[in-house]
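This report refers to the structure that appears directly beneath it.
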2 protein chains.
Amino acid sequence: MEKAADLRVIRTKKLIDEAFLSLVDEKGLEGVNVRSLTSKAGINRGTFYLHYQDIYDLMEKMEDQIIEEMNALPAQSIPEQLLGSGSTEEPFPSIVEFIRFMNARHRFFAVFFAQEGTSFGKRLRTLIHSRMYEKLPRQAMNPDALAVPDDYIVAYFSSAHFGVIRHWFESGRTLPPEQVALILTRLVRDGPLLTALNRRPE
Amino acid sequence: MEKAADLRVIRTKKLIDEAFLSLVDEKGLEGVNVRSLTSKAGINRGTFYLHYQDIYDLMEKMEDQIIEEMNALPAQSIPEQLLGSGSTEEPFPSIVEFIRFMNARHRFFAVFFAQEGTSFGKRLRTLIHSRMYEKLPRQAMNPDALAVPDDYIVAYFSSAHFGVIRHWFESGRTLPPEQVALILTRLVRDGPLLTALNRRPE
DNA sequence: TTCATAAATCAACACAATGTTAATTACACG
DNA sequence: CGTGTAATTAACATTGTGTTGATTTATGAA
């Protein structure tokens, strides 16, 4: 972004980053303010304002850097391409790289995911699942070392539907409720790939 | 929840609710504080504290009520059950009810969705999509009045994968990255229903 | 090594919001 | 009607913000 030549600047920013992450670990996002942050970092409160507008500005810049790094990840392979080739139990390489990166940066992402899911969001996803998919065929029927754990299936379904509903809201609720319901129904019945191709199952 | 017998209490709470929703509409969630809220509601600042601990407490109680109402929705039908029966273009009734309810309460949900998706969450979902599913077969190939719009397919895929990754984080990153990648790969390749049943496609 | 320069510190400031309290007024309901 | 409770009012200490000006400290370059 900018010139960070001076060792003092580099040191200060590192102190701020570290203080931010550990402060969120301790007290959550609400417990973070400029006063406590600079206190934990061991720097003067005024110094923070030499580098960032406010806490929000700090987080934004941390996000910018992560996004930049993710965009720079090498493997850009396309599932479509890999769909035809690999039929083994090997995961797609691009996805592996992706997950590995998040694992390496887990301190940042832990903060992000903690703030991302509001408590109500979680309750709503749970509700979606319990009301609609509670009686899905469960893994207990066929225990298998290679099987995908139930909780991941649940996460997949509830987040997918949550996302469709959110998109409906974010696009201004232009579609009537019945059509949104139909979209969800088709995604459930036919699966996303078939739905995207607009074909009937079987 | 509690006794709200007194008309004064009912009136005050209605004023607070209304002020909260319209205040969020105007200035976003960050612009809401006790001072501005009570000012807009036309009540004394102290009165707010007679009913709620703080703004967070207010929101929590609003959420409680919505969740309660959603749990009380009549139709509790199971997709599994309906999967066998309906093969027409009719949406599942329970889903219709669900979406209709959210549409009726759209002022509340608009607030909720505005806060739910952090800007970074949106960026991450966009990134997931562009890196992994950009070259999925698009609707342009077969235009159809009944087709599910592209943007809804995108919302479905990106949210589903986002949800799986979030679940991985929320469950303490116990699985190694390679296994999470494999889970995602199988969900993409085989679809969620087949994956849940733990069978091979075809 | 020296030295100009930029970073960091320190103390003080006005301001805004919080949460609480005590005395008073208004009003809903029996 | 009159009684209890809700709501108002004004004041209070506290905490955090963002900024400013003077001063000290550390860095990178000559």
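Atom set for the values below is all heavy atoms of this structure, side chains included, hydrogens, waters and symmetry mates excluded. Each chain gets a letter, A, B and so on, in the order its sequence line appears, and its residues count up from 1.
For the residue pair B:S36/B:N33, the side-chain donor-acceptor check at 3.5 Å is satisfied.
The neighbour count for A:Q53 CD, taken as heavy atoms of other residues, nucleotides or ligands under 6.0 Å away, does not exceed 12.
A salt bridge between B:D25 and B:R107 is present, with a side-chain N of the basic residue lying under 4.0 Å from a carboxylate O of the acidic one.
Aromatic ring pairs are classed by plane angle as parallel below 30°, tilted from 30° to 60° and perpendicular above 60°; the pair A:F112 and B:F162 is perpendicular. Using bins of under 30°, 30° to 60° and over 60° for the plane-to-plane angle, the ring pair A:F113/B:F169 lands in the tilted bin. Using cut-offs of 30° and 60° on the angle between ring planes, the pair A:F101 and A:F109 is perpendicular.
Of the side-chain N and O atoms in B:H51, one or more sit less than 4.0 angstrom from OP1 or OP2 of D:dA7. Distances shorter than 4.0 Å separate some side-chain N or O of A:T12 from OP1 or OP2 on C:dA8.
At whole-Å resolution of the value, CG in A:L15 and C1' in C:dA7 are 14 Å apart. Here the P atom of nucleotide C:dT21 and the CG atom of B:N44 are 15 Å apart, to the nearest Å. Distance A:L50 CG to D:dT17 P: 16 Å, rounded to the nearest Å. Atom P of nucleotide D:dT17 and atom CG of B:N33 are separated by 15 Å, given to the nearest angstrom. The interatomic distance linking B:Y56 (OH) with C:dG19 (C1') rounds to 19 Å, in whole Å. As a whole-Å value, the separation of B:I16 CD1 from D:dA6 P is 13 Å. Nucleotide C:dA6 holds its P atom 17 Å from the CD1 atom of A:I10, rounded to whole Å.
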(request) Going 5' to 3' through nucleotides 18-30 of chain D, assign each nucleotide B (protein heavy atom under 4.0 Å from a base atom), S (under 4.0 Å only from sugar-phosphate atoms) or - (no protein heavy atom that close). (result) BB------BSS--
(request) Report the C-alpha distance between A:F120 and B:F108 in whole Å, list the side-chain angles of each, state the deciding distance to 0.1 Å, and finish with yes or no for ring-ring contact (aromatic ring centres under 6.0 Å, His included). (result) CA-CA 12 Å; A:F120 185 71; B:F108 167 84; 5.3 Å; yes
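Interatomic distance, CG of A:L15 versus OG1 of A:T47, reported as 10.5 Å (0.5 Å rounding).
For B:F48 and B:Y52, the distance between ring centers is under 6.0 angstrom.
Mapping A:R35 and B:I43 onto DNA chain D by nearest heavy atom places B:I43 closer to the 5' end of the strand.
Comparing the end axes of the helix from C:dT1-D:dA30 to C:dG30-D:dC1, each fitted to five base pairs by superposing C1' atoms of four pairs onto the next four, gives an inter-axis angle of 40° (nearest 10 degrees).
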